[in-house]
Number of protein chains: 2
Amino acid sequence: MDVPVVNGSISGQPHVFGTKGRRDDQEIPLSWDNDCQEFKGAYAPSGSGGPDEGSRETVAEVTLRDVALASGCSVATVSRVLAGTRPVGAETVRTVRAAAERLGYRPNHVARALRSRTTGTVGLVLPQITNPFFPSLVRELEHALHAEGRAVLLADCDDDPVTEAARIGAFLGRQVDALLLIPVDERRSREAVAAAAAQVPLVLLDRGCGPGVADSVAVDNAAGMALVLDHLAATGRRRPCFVGAAGTASAAVERRAAYEAGAAALDPTAPGRVELGDFSVAWGRAAADRVWPSRPDAVICANDLIAAGALQRLRQLGADVPGEVAVTGFDDIPLAGLADPALTTVRQPVGELAAEAARLLSRRPAAADPASRHTVRLAPQLVVRGSSVPVDAAADATAGG
Amino acid sequence: MDVPVVNGSISGQPHVFGTKGRRDDQEIPLSWDNDCQEFKGAYAPSGSGGPDEGSRETVAEVTLRDVALASGCSVATVSRVLAGTRPVGAETVRTVRAAAERLGYRPNHVARALRSRTTGTVGLVLPQITNPFFPSLVRELEHALHAEGRAVLLADCDDDPVTEAARIGAFLGRQVDALLLIPVDERRSREAVAAAAAQVPLVLLDRGCGPGVADSVAVDNAAGMALVLDHLAATGRRRPCFVGAAGTASAAVERRAAYEAGAAALDPTAPGRVELGDFSVAWGRAAADRVWPSRPDAVICANDLIAAGALQRLRQLGADVPGEVAVTGFDDIPLAGLADPALTTVRQPVGELAAEAARLLSRRPAAADPASRHTVRLAPQLVVRGSSVPVDAAADATAGG
DNA sequence: GCAGCATGGGAAAACGTTCTCCGGAAACTT
DNA sequence: AAGTTTCCGGAGAACGTTTTCCCATGCTGC
């Protein structure tokens, strides 16, 4: 459909450069001052006279050299004052600071990066930003990283290992200081990840990528699954079944293994009742159809998407949730709280994951030594909602590790 | 003195990189957007199975100078060959290319940025990545931008204009080539946005920020609302009501205005039935309580979150959806297809929004002139699902995701 | 008085590109 | 044959920092 764009150009012709009176909280307009009568002869063509009526369009950047000139000392000194790399006389510090502020000096990160060989930038590479679990993780990572003054370069791989490798390469070419990576595939991502890890600090997030490849931080899937099983057992469920995902992704494998281990305690035949598909709502719906005939009293899903699909389909099939059957998810994505009834699930400690990842990244020592790889597992939290216990009893219990 | 670099020793080594299948038909890249593409060898997993690997550790970067030395010509020539900025003799091109590939040369983006005063980086600043409408937009933007060789710096503002201003400033300090911005607040973001727009190309996305401040691209909210109203009228609804958001955000205002304009045609008293809160599920639930007593036959919501809440609550109140009352949303976030019944909604042309934004960014001309601001409005698409028509009739106008 | 040593500051060399000059040679003009 | 243009290629100057030397001082301790 090529419905034409309603391409209207907002008019706004009358007021062009107004707004001169009420700009009191504005910072100093970096351009001219009587001290530095000699500015940017180089490429500032509009050295036209006049008191600069505020056309701050392409004002040439103020450089260290300008500040040096204005404060009567050398570039080196100015750098030292501003970067604090070496003690400088109190008096000098004062003049330099003043000049810098007066001129509105802003350091050029690119030049700094070139010289100091560190860009203050980390690349964040993830499979699909549209996976509903990722946004909150991205958010926390962004906050954690920005808090230490680093900027985040984002890449979305479209769930494709080839794209992933390309993005990693692009980031490396841009000399990121480090990489944060949620691998697309445990196996097919390995090669590119290992290669990248040899060049910059790299932390794997949420999913693993084979042993010894890189540092990694993730939720303790086994503990999470145990929380779910304990809760279900405590509320009298005896015939659980598991709806998970096939494949080698660590989350899929670990959650399934943990279910099988834990469910055996509940019911010796339970570990057999396992259906595997993928991490999607559609699979959740399909799995419900396959599972419901055997009348389980708990459907434990490997993530919230599956759970949402299963829940929806179960109700369509006439099942009473949670009366007849409980449904649980994993991750606590926003959707979980919105389902009807709201999903009991395992909340990932997103903030801590981000903090831990940031911490690992900052570790200076050359972590090229495979022996020093760290794998951090963080404790999740059970969030009990209506899908596993009747509403009146669902007091949103939270149980930590 | 550090470990000697790759500098001198050119030949004699059994080069690690197999020069397999040299494609000599390769054109000299004329634009800088796809340059380094061909040098994947540098970071690519060193030929799985290659004889010696470990040597690829933290080797000092190969520079232009190294390539020049190895190929027996000057740095300038190498630069020209690789960047394709000026024609170079065929013979020279060949030797240089060979040397570059053999040494695994990868251009240093930082140095390039410093010299050419362009980083190939755009900053993407948004209110909250956790807002479910944004991830797909971010995804499209990332793809569009990466496709032209630009990297995306991401910032999440936590819905706070102050943080937003700080992030914008940080990006400017990192000399992004341009800014893509979804303003937090139409009014409170304005100052920072205007200041930034004076320094780099800036495109507003999804939401406006006052007239003439910057280029902007967004969905045509009025057209979207009209699609909804037409659909509802065509299916016999006669007593619509609107649940929207208060405030000055452009989406809120435009959607409400469009409803009021369009609904008057349907029912003269309809424009009065308007409830305003915010763009949240909670408000949707609350609004359902307020609205249901007057028994509307259609609840038109300003976005999908509101609609999801309203839908959920209406059903809890015993309403028959869609038999008794239709519910519609706006945006087509993933949640919309998952609701029960699935939400009829207006799908934003996310891909086109991203493409258009990218296009506007690349416009070279000094867009400082307020008269040349562009405001692009893209046509949305109606997605009919179960919340507005009985299932058997809901032939999902478009294949949902 | 002189070696020894902090301390504060400057000149200039990197960092790895791109790009502007410039010069020489070859290829056309006149 | 002498100019004139075109074509290739090199030297080297930026770009804006950080950092390494180095040189003044002024002070201590002998």
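In what follows, every chain begins at residue 1, and chains take the letters A, B, ... in the order their sequences are listed.
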A:Arg80 (side chain) and C:dG10 (base): donor-acceptor pair under 3.5 Å:
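Such a pair is found, so the answer is yes.
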What I want to check is whether an N or O donor and acceptor connect the side chain of A:Arg115 with the base of C:dG16 at under 3.5 Å.
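Counting by modelled atom types and ignoring angles, no donor-acceptor contact under 3.5 Å is found here.
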Please report the distance, rounded to the nearest Å, between [atom1] in [X] and [atom2] in [N].
X: A:Leu69; N: D:dT17; atom1: CG; atom2: P; value: 13 Å
X: A:Arg65; N: C:dA11; atom1: CZ; atom2: P; value: 12 Å
X: A:Arg112; N: D:dG16; atom1: CZ; atom2: P; value: 14 Å
X: A:His109; N: D:dT18; atom1: NE2; atom2: C1'; value: 14 Å

What are the two closest non-hydrogen atoms of A:Val110 and B:Arg174, and how far apart are they?
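That closest heavy-atom pairing would be CG2-O, 4.4 Å.
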Phosphate OP1/OP2 of [N] contacted by [X] side-chain N/O (<4.0 Å):
X: A:Thr63; N: D:dG16; result: no
X: A:Arg117; N: C:dG16; result: yes
X: B:Ser116; N: C:dT17; result: no
X: A:Thr77; N: C:dG8; result: no

Regarding B:Arg167 and B:Glu164, does a basic nitrogen lie under 4.0 Å from an acidic carboxylate oxygen?
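Salt bridge: no.
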